[in-house]
Amino acid sequence: MEIGELVLDGFRADPERVSAAFESELTRLVRLHGVPLAADGPRTVDALSGLPPLPAGLSARRLGQELARAVHEGLSGHGEADR
């Protein structure tokens, strides 16, 4: 799985720490649960929308984890996936 870009507006957390926590948590979730949208083979998803809002005051680690969970939910068929 490859994610080209994540855009976060309204957060003041260290982007490198957010990215590291995001990658670690998303890897863990994919190992545990897979990627249901890819069950029929590889897919390209340009954008995920309809994901839950995240509180702006989270630490970099927690923000990365929550963001990974939201993205995994989107890749699990929750929310809207633009292909």
Side-chain angles (χ1 to χ4, degrees):
M1 176 168 50
E2 178 181 327
I3 297 178
E5 180 179 38
L6 293 172
V7 178
L8 302 174
D9 290 322
F11 294 95
R12 300 197 192 296
D14 177 356
E16 289 181 17
R17 292 184 68 205
V18 171
S19 180
F22 172 81
E23 185 177 332
S24 176
E25 181 66 4
L26 188 57
T27 298
R28 185 185 76 77
L29 291 169
V30 168
R31 282 189 183 137
L32 280 174
H33 306 290
V35 181
L37 284 182
D40 295 330
R43 297 211 187 270
T44 299
V45 175
D46 290 330
L48 293 173
S49 58
L51 301 177
L54 298 172
L58 296 175
S59 69
R61 183 177 148 272
R62 184 65 188 259
L63 176 58
Q65 290 171 334
E66 292 300 322
L67 182 58
R69 291 175 188 144
V71 168
H72 189 265
E73 281 289 307
L75 295 174
S76 296
H78 307 285
E80 303 275 325
D82 298 331
R83 294 182 175 100

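Heavy-atom basis, side chains included; hydrogens, waters and symmetry copies ignored. Every value quoted in this text rests on a predicted model; they were computed, and no experiment measured them.
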Exercise. Hey, any chance Leu58 and Leu29 share a hydrophobic cluster, counting ILVMFWY side chains that come within less than 4.5 Å of each other, even indirectly?
Worked result: no
For this session: Output yes when a side-chain donor or acceptor of Ser24 lies under 3.5 Å from a complementary backbone atom of Ala20, and no otherwise.
Result: no
Exercise. How many angstroms lie between OG in Ser19 and CG in Asp14, if you round to the nearest 0.5 Å?
Worked result: 10.0 Å
Exercise. How close do Ala21 and Ala60 get, heavy atom to heavy atom, and via which atoms?
Worked result: CB-O, 4.2 Å
Exercise. If you measure from CD on Gln65 to CZ on Arg69, what distance do you get to the nearest 0.5 Å?
Worked result: 5.0 Å
Exercise. With a cut-off of 6.0 Å (strictly less than), are more than 12 heavy atoms of other residues, nucleotides or ligands near CZ of Arg62?
Worked result: no
For this session: Measure from the side-chain N and O atoms of His72 to the backbone N and O of Leu67, and report whether any donor-acceptor pair falls under 3.5 Å.
Result: no
Exercise. Is any side-chain heavy atom of Arg28 less than 4.5 Å from a side-chain heavy atom of Glu25?
Worked result: yes
Seminar exercise, completed: In short, Leu26 meets Ala68 closest at the heavy-atom pair N-CB, 3.6 Å
